Undergrad: 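Before anything else, here's the structure in question.
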Amino acid sequence: MVSVVVSNASINIVPLPSSVKETNGTYQLRDGATVVYNNKLLKPAAGYLVEKLAPATGYSFEVRKGVRGDICLVLADNKNPEDESYTLSVSANGIVIASASYKGIIHGISSLRQLLPHEIESPSKVAGKVWTVPTVEISDKPAYEWRGMMLDPVRHFYSMEETKRFLDHMALYKFSKFHWHLIDSQAWRIEIKKYPLLTDKGAWRDPAKENIDVACEKMAKEGNDPAMKLPRAYFKTKDGKEVYGGYYSQKEIKEIVAYAAVRGIDVVPELDMPGHNHMATRCYPWLGCAHDGTDPLCVGSDATLKFCKNVYKEVFRLFPFGYAEIGGDEVQRKKWENCPLCQERVRKEGLKDMAELQSWFTREMEKFFNKHGRRLIGWDEILEGGVSPTATVNWWQGYHTDVVQKSTSGGNEVICCPTTFCYFDYGQDSTTIKKLYTSDIVPADLTPQQKRLVKGIQANIWGEYIPTEARMQYMVFPRILALAEKAWTADGSQNWDDFVYRLVGQTMRLDALKINYRPLEAAATPGFLDIYRRLKAEQK
Ligand code: ACM
Ligand code: ZN
């Protein structure tokens, strides 16, 4: 029998806030309510709040700068835009969300949404509903600044609308970083003006010749599952042939970055180098060692190095965030052993082996990143030939359990996304959510000094077998809620039984948002299932 710890049934917020005090009353939202903000920096936040409240209520809101209103957004001083703590105060007379940062205000809005009936997430008017909020004093702050989700629109493409919806869902659960994996061997998805072939040619492919496309179509057919079928919207005719794909123009990239910023989310671009670059070398064969259109990039070639820097120069103009991701994973370094230019680089730089050659490349790129005011992140292979202490490491190889120890003892910051828990493209069974929630994603054996170097946690959603938004949502939800709480709520306040209770309540919110989540029954252990059935019946 599973015991359930529930302080009050009317409050159900994920991730769990640091402090919630109920004051036994209600506030009722009404048509014509005023939403005011004390600082013009909050104007987009006010617009975002109204965008979330208007469709379901059907109300109109008066939005203006001011300090007195029904819902007040208050930017305290904005001295530290990264201080994400906030307070949310609901009394019978009104609502005040206050923070020292824009991001904190957005988190307060997410909590407010979750205090309202779940129908508030409905995209169309819900008739006959009284929109009440329990009176409450919330004071809240995140455990980790880096609460990330990585999306891979390369293996399978996701449209602007789908990407925006994903950002919306991230914001509801207080995620802070959108890691966007924009290029790989199967496609190039970001317009680079200096190298137009990358998207003219590299954004499109013959799906009959791509293993992952063939596999998805087969699964769609055999399983009679439309969510596994490549969407027709991403097909076009090119040179008389039907091809699949798409890319984001620079204008669209800016639109996504701005959309994310309104929601308090920083966008981290990843243009993986020097491996995972089969498509780039197909478009420009001189980028590779043998000029034969195969991976990886030739790091002995000055022309290739110039290409890498030119690409990132354009990238930095589009993504203002202070970190960018070089990738660096799974490089087929053996190819470099037979390349005269790579061998010349090894001799000239006094390098010991091919891992050091990759390391040389990463350091070169890091200097370039730094010159442009960016810090470099790389997958944990960047440690292998030695890494500069200023690079940030994305720990992904869960079976290399010493990565966090190694990174942090060398002074490197680290983001934890080990395969063990954080690969949301991996299959799910009845134990997945509980394992994710109750395990240490950040290793427990770190000194306080090492712990300070852990920037946070993220999940990766690789797209090989995720050809549609519906499939993506099925893989991501509801386990993303467990991850949100691991990243936001202090370790000592995480409680599985309490979380289960809230998770069940949240599924009704996911229903209202029309998210194709994996049903909890399918994820349930027997105890979990009992709670689920009982609460579902109670909350109907
Ligand atoms: C990775 O999964 N190759 C980072
Ligand atoms: Zn080479």
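Residue numbers run from 1 in the order of the sequence given. In listed order, ligands and their atoms are each counted from 1. Nothing here was measured: the structure is a model prediction, and the numbers come from that model.
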Undergrad: State whether Arg232 and Glu242 are salt-bridged, where the test is any N-O pair (Lys NZ or Arg NE/NH1/NH2 against Asp/Glu carboxylate O) under 4.0 Å.
TA: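 Answer for the salt bridge query: yes.
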Undergrad: State which residues pass ring-ring contact (aromatic ring centres under 6.0 Å, His included) with Tyr312; sequence neighbours excluded, sorted by chain then number.
TA: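 Counting only residues at least two positions away or on another chain, Tyr312 forms a ring-ring contact (aromatic ring centres under 6.0 Å, His included) with Phe316, Phe369.
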Undergrad: So what's near the Zn ion (ligand 2), protein N, O or S atoms under 2.8 Å?
TA: Cys289 SG, Cys298 SG, Cys339 SG, Cys342 SG
Undergrad: Checking Arg263 against Tyr48: charged group under 6.0 Å from the ring centre and within 45 degrees of the axis?
TA: no
Undergrad: Looking only at side chains, do Glu314 and Gln250 share a donor and an acceptor under 3.5 Å apart?
TA: yes
Undergrad: Would you say Tyr437 and Gln494 are linked by a side-chain donor-acceptor pair, where the criterion is simply a distance under 3.5 Å?
TA: no
Undergrad: Got a second to check how far Ile382's CD1 is from Thr362's OG1, nearest 0.5 Å?
TA: 6.5 Å
Undergrad: Can any side-chain N or O of Asp266 pair as donor or acceptor with the backbone N or O of Lys177 at less than 3.5 Å?
TA: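 Not confirmed, Asp266 side chain does not pair with Lys177 backbone.
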Undergrad: Who pairs with Met219 by side chain to side chain contact (heavy atoms under 4.5 Å, CB included), at least two apart in sequence or on another chain?
TA: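 Ala215, Met228, Tyr465.
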Undergrad: Hey, which residues fall under 4.0 Å of ligand 1 on heavy atoms?
TA: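 Within the 4.0 Å shell of ligand 1, which is judged on heavy atoms, sit Asp329, Glu330, Trp379, Trp396, Tyr423, Trp462.
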Undergrad: Does the pair Glu84/Lys103 count as a salt bridge with the N-to-O cut at 4.0 Å?
TA: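 Lys103 and Glu84: not salt-bridged.
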